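Some notes on the structure that comes next.
Atoms considered below: every heavy atom in the structure, side chains included; atoms not considered: hydrogens, waters and symmetry mates. Here the structure is a predicted model, which is why all the values come from computation and not from measurement.
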Amino acid sequence: MSLWKKTAVVTLSAITALSASACGVASGSSEAPKQPSVLELLASDLKGSLQKTMDVTDKSDSVTMTMTGTVGGEKISMQGVMDLGDPVKAEMTTADPDGDTTTIRLIGTVFYVEVPTKDRASMGGKRWMKMDMISIGQQAGMDFSKQFEDIDPTKQVKTLLAAEGVTVIGAETVNGARTVHYTVTTPVATQLAQVDAKLRAGVEKQFAAAGVKEIKVDLWVDEQYRPRRAGTVMGAMGDMVVDYTDYGKAVTIETPPPAETSDFAEMLQGLKNLGAGS
């Protein structure tokens, strides 16, 4: 497998894995009770604050993100922007160990991986490799279409809302923004309950093969009830930290032209037909 393809595969794996007290014055004072700050509310009213965070984030149009971590022992680093409309769109750039960059676009459930210039001749001159997860899933006998519905910043918020035992670490500053840090460690079963039923058995086997028994999720929420950082640790399978900035910044993410695109599903089918005819 060429280096750019390996980098793209690791990056896509990371994405799919992907991928969480009010104060008053002394009795008898004539002053009005002091209103709690947002940070105090975030720390004291977990469920209410997380629900408001999800509601606020659902209304966001876009966000810039930076991702770092490891997947299957491979280090990954990505930067990009996400359009939180319907369908969700994203454009991310990642670098391989040699420093060469690869651009990946997500349009709904379809990935487009930019083919390096030096490799385009072997791809019929095409600039992009299209990977339609629905078509690939059909050929594999699985349904991948819902794996990418929650790659936006609300994913960890939903996880924390569904989990028991969420705790507050405390107030922390993330990229200059004041936040409250939440954390929870849940058994694999809690995560599996949020996976599409058609995919659950396969995901469970992956967790079991890697010896993963629990998953740690961390979330940092700012004073505007927006996720600023999200972290996930899945044992030997990997870990990921995503920083979110520039909510609402205008972004344009376009679908690559068909004339510049090679379809990965068609390539797989062609290989199957070739094998059947041999």
Would you say [X] and [Y] make side-chain contact, with heavy atoms under 4.5 Å?
X: Thr68; Y: Ile76; value: no
X: Met65; Y: Met78; value: no
X: Leu46; Y: Val168; value: yes
X: Arg229; Y: Val242; value: no

Met67 vs Val241, side chain to side chain contact (heavy atoms under 4.5 Å, CB included): CA-CA, chis, key distance, verdict: CA-CA 6 Å; Met67 304 173 64; Val241 173; over 6 Å; no
Taking every non-hydrogen atom, the tightest pair across [X] and [Y]:
X: Ala163; Y: Lys47; value: O-NZ, 3.3 Å
X: Ala177; Y: Arg228; value: CB-NE, 3.9 Å
X: Glu91; Y: Thr103; value: CG-CG2, 3.9 Å
X: Ser262; Y: Lys126; value: CB-CG, 3.9 Å
X: Val157; Y: Leu50; value: CG1-O, 3.2 Å
X: Thr53; Y: Pro227; value: CG2-CD, 3.8 Å

Under 3.5 Å, which donor-acceptor pairs do the side chains of residues 203-213 form with other protein atoms, sequence neighbours left out?
none

Which residues share a side-chain contact (heavy atoms from CB on, under 4.5 Å) with [X], sequence neighbours left out:
X: Arg127; result: Glu114, Arg120, Glu260
X: Glu214; result: Thr185
X: Asp45; result: Ser49

Hydrophobic cluster membership, [X] vs [Y], 4.5 Å side-chain cutoff:
X: Val233; Y: Val184; value: no
X: Leu39; Y: Leu219; value: yes
X: Leu161; Y: Val166; value: yes

Among residues two or more places apart or on two chains, list those pairs meeting side-chain hydrogen bond (donor to acceptor under 3.5 Å, both in side chains) that have a residue in residues 162-179. Glu172-His181, Glu172-Trp220, Asn175-Asp243, Arg178-Glu223
Separation of [Y] [atom2] from [X] [atom1] (nearest 0.5 Å):
X: Asp222; Y: Thr245; atom1: CG; atom2: OG1; answer: 11.5 Å
X: Thr109; Y: Asp132; atom1: OG1; atom2: CG; answer: 5.0 Å
X: Met82; Y: Ser62; atom1: CE; atom2: OG; answer: 10.5 Å
X: Met131; Y: Phe264; atom1: CE; atom2: CZ; answer: 4.5 Å
X: Ile169; Y: Thr183; atom1: CD1; atom2: OG1; answer: 5.0 Å
X: Thr70; Y: Met237; atom1: OG1; atom2: CE; answer: 11.0 Å

Side chains of Ser77 and Gln79: any donor to acceptor distance under 3.5 Å? yes
Check whether any side-chain N or O of Asp246 sits under 3.5 Å from a backbone N or O of Lys249 as a donor-acceptor pair, and report yes or no. no
Assess whether side chain to side chain contact (heavy atoms under 4.5 Å, CB included) is satisfied between Val180 and Tyr182, documenting all intermediate values. CA-CA 7 Å; Val180 166; Tyr182 300 97; 4.1 Å; yes
Return the set of residues passing side chain to side chain donor-acceptor pair (under 3.5 Å) with [X] (not counting sequence neighbours), or none when no residue passes.
X: Thr66; result: none
X: Lys216; result: Asp218
X: Asp55; result: Gln51

Is Trp128 isolated, or which residues cluster with it under the ILVMFWY side-chain rule of less than 4.5 Å, directly or via members? Val81, Ile107, Val110, Tyr112, Val251, Ile253
In Val188, Val71, Val217, Ile215, the residue satisfying side chain to side chain contact (heavy atoms under 4.5 Å, CB included) with Met234 is Ile215
